[in-house]
Amino acid sequence: MSIIAPFYPQFAKSKDISEDIIGIIFAAHPLGQFISSLILGKLITHDNRQKIMIIGISLQGLGLLLFGFLYYFDSYFVVLIGSFMARLIGGIGASMFMTPFYAFIPQLFPKSIEEKIAIAEVSTSLGFLGGPILGSALYQLGGFILPFFFFAGCSFGLAVILIIYSKSLDVPDVDLSQSIILHQSIQNQESIIDAEFRISYLKLLCNYPVVISFITNTLTLSLWTFYNPTIAIYLLEQYDIQEEYSGYWISINAASFGFSTLFISRIKSHKKFYMYFGLVISGFLQFYMGPDYKFTNLNPRLLYTILSWSLVGFTAGFPYVLTLPQINQILTKDYYKYPTQCANIASAIFNASLAGGELFGPILGGYLTKWYGFQRSASLLGFAVLICCVLYIPYLFYLDEKLARIKAKKLKRVGLKE
């Protein structure tokens, strides 16, 4: 997912594609991921999860192959439409893998959700770290096509591995862990309680804690994806860092994110306060990405840009990693009879928020940079994050407890009537 940031923007500009259109191309991936995640949240079952994951990783490989073949075309429209379709297919594939993957975690490991998500996010950060580095290295070795063909081969190979090793979970009588037995027991109980019941997305739109958690994580992803279309160009034009080396600088953000997960995995309580802390610090750091002289009184220097970029990787990790367990906890309080659906819907909302950040981040980054320049656009993103922090305050100090009291009163009335 991260290999194109160091060198694709320059390739696209060589085909006369502007920065704002590059942002839209980047956003095609999360567009497919966003729509697919919400649909999958309703369709996933215990029987089809692994098949969906295998199809998803294969689709990602197909998207990468399409990107590689674009090198052989000079037509503006072929490159534009081909890039958009390749990203869209990759986004659908990513959603088909990630939604069932994250849905497994709260069901199989209910007592250690944060720890397991932290492990998953370490692998994610390694991917975001290794993607630009390997992409830049392969670009130096074989040009534009080699990174895409190499990672497409990796995707198809992973699909084969998933086919071989995922079969072990389908055999109920071969040394199953207690967590899987518990998971299957819960599913049987849910079908007995109400086989037709489904958690409604429309009702969740009226659930402020769910909505603000979704918005928070969307902005968190935007803190990274906002710069996908522009940071490599800014490093080249402002600091004369060539595209074959910019991937190494860009990957620093992912490295600091991976480091942050070591601390986040130990957080067992007050999750929303840690999420808020990470978001506030990340918002202020945006003013130093350029840095923007009007707000910081500092002239652009590579040290300021890279230091801010790396610190955002660390601080934004708090809302990113803690969002899924937080949403799952909120849903479980309201729909405690349906833990499997809660896990599926929480995973769908989480992945949709990731897709939302990946969708809007590059588009806003491309257009705002075109209109206001890199430094001012980073400051505008910082203002947006700080406004979200203000909106988060009611949930942080008051709303969660108030909703709990209202629910307790309703349950008490129901008990009296019975």
Q. So does Phe156 have more than 12 non-hydrogen atoms from other groups sitting under 6.0 Å from CZ?
A. yes

**Q.** Residue pair Gln375, Gln238: steps toward the side chain to side chain contact (heavy atoms under 4.5 Å, CB included) verdict
**A.** CA-CA 11 Å; Gln375 298 157 10; Gln238 184 69 42; 4.2 Å; yes

Q) Under 6.0 Å from the OH atom of Tyr288, do we count more than 12 heavy atoms belonging to anything else shown? A) no

Q. Rounded to the nearest 0.5 Å, what separation is found between the CE atom of Met275 and the OG1 atom of Thr220?
A. 7.0 Å

Q. So how far is it from Ile21 CD1 to Lys13 NZ, rounded to the nearest 0.5 Å?
A. 13.0 Å

Q. Could you go step by step and tell me if Leu311 and Ser256 meet the side chain to side chain contact (heavy atoms under 4.5 Å, CB included) rule?
A. CA-CA 7 Å; Leu311 288 174; Ser256 63; over 6 Å; no

Q.
Checking the side chain of Ser310 only, and the main-chain atoms of Leu307 only, is there a donor and an acceptor separated by less than 3.5 Å?
A. yes

(Q) Applying side chain to side chain contact (heavy atoms under 4.5 Å, CB included) to Ile281 and Phe318, what does each step give before you reach the verdict? (A) CA-CA 11 Å; Ile281 301 301; Phe318 286 86; over 6 Å; no

Q | Interatomic spacing from OG1 in Thr305 to CE in Met289 - rounded to 0.5 Å | A | 6.0 Å

Q | Donor-acceptor pair, side chain of Ser353 and main chain of Phe350, under 3.5 angstrom | A | yes

Q) Taking all non-hydrogen atoms of both residues, which atom of Gly283 and which atom of Val385 are closest, and how far apart? A) CA-CG1, 3.6 Å

Q. Are side-chain heavy atoms of Leu381 and Leu364 found at a separation under 4.5 Å?
A. no

**Q.** Atom CZ of Phe101 with >12 non-hydrogen neighbours under 6.0 angstrom
**A.** yes

**Q.** OH (Tyr372) with more than 12 external heavy atoms under 6.0 Å
**A.** no

Q. Below 4.5 Å, heavy atoms only, C-beta onward: do Gln286 and Ser379 meet side chain to side chain?
A. no

Q) Which pairs with one or both residues in residues 22-34 pass salt bridge (charged side-chain N to carboxylate O under 4.0 Å, His left out), sequence neighbours excluded? A) none

Q) Which atoms form the tightest heavy-atom contact between Ser377 and Leu368, and what is the distance? A) CB-CB, 3.6 Å

**Q.** Residue pair Cys388, Leu279: steps toward the side chain to side chain contact (heavy atoms under 4.5 Å, CB included) verdict
**A.** CA-CA 9 Å; Cys388 178; Leu279 197 66; 4.0 Å; yes

Please report, to 0.1 Å, the donor-acceptor pairs under 3.5 Å made by any side chain of residues 145-152, with sequence neighbours excluded.
none

**Q.** Pairing residues for Phe383 by the ring-ring contact (aromatic ring centres under 6.0 Å, His included) criterion, not counting sequence neighbours
**A.** Phe287, Phe295

Q. Taking the six-membered ring for Trp, are the ring centroids of Phe374 and Tyr227 within less than 6.0 Å of each other?
A. yes

**Q.** Leu80 CG to Ile22 CD1 distance, which is reported to the nearest 0.5 Å
**A.** 10.5 Å

Q.
In the structure I gave you, are the side-chain heavy atoms of Leu302 and Leu235 within less than 4.5 Å of one another anywhere?
A. yes

Using a 3.5 Å cut-off and no angle test, enumerate the donor-acceptor pairs between side-chain atoms of residues 52-74 and protein atoms at least two apart in sequence or in another chain.
| from | atom 1 | to | atom 2 | distance (Å) |
| --- | --- | --- | --- | --- |
| Ser58 | OG | Ile54 | O | 3.0 |
| Asp74 | OD1 | Lys15 | NZ | 3.1 |

**Q.** Atom pair CE/OG of Met96 and Ser36 - distance to nearest 0.5 Å
**A.** 6.0 Å

Q. Between Ala384 and Leu219, what is the shortest heavy-atom contact and its length?
A. O-CD1, 3.9 Å

Q: Return the minimal non-hydrogen interatomic distance between Leu331 and Val210, and the atom names on each side.
A: CD2-CG2, 4.2 Å

(Q) Would you say that Leu391 contacts Tyr208 through its side chain, given a criterion of any heavy-atom pair below 4.5 Å between the two side chains? (A) yes

Q: Taking all heavy atoms of Val280 and all of Leu386, pick out the closest pair and write down the distance.
A: O-CD2, 4.0 Å

Q | Non-hydrogen atoms of Ser95 and Pro100 that approach each other most closely | A | O-CD, 3.8 Å

Q. Which residues satisfy the ring-ring contact (aromatic ring centres under 6.0 Å, His included) test with Tyr239, sequence neighbours excluded?
A. Tyr234

Q: Kindly compute the distance separating OH (Tyr276) from OG1 (Thr216), expressed to the nearest 0.5 Å.
A: 10.0 Å

**Q.** Test item: Leu204 and Ile345 side chains (from C-beta on) under 4.5 Å apart, heavy atoms
**A.** yes

Check residues 83-92 and write down every donor-acceptor pair under 3.5 Å in which the side-chain atom is one partner and the other belongs to a residue at least two apart or another chain.
| from | atom 1 | to | atom 2 | distance (Å) |
| --- | --- | --- | --- | --- |
| Ser83 | OG | Tyr8 | OH | 2.8 |
| Ser83 | OG | Val79 | O | 2.6 |
| Arg87 | NE | Phe26 | O | 3.4 |
| Arg87 | NH2 | Phe26 | O | 2.9 |

Q | Side-chain heavy atoms of Asn207 within contact of Pro209, under 4.5 Å | A | yes

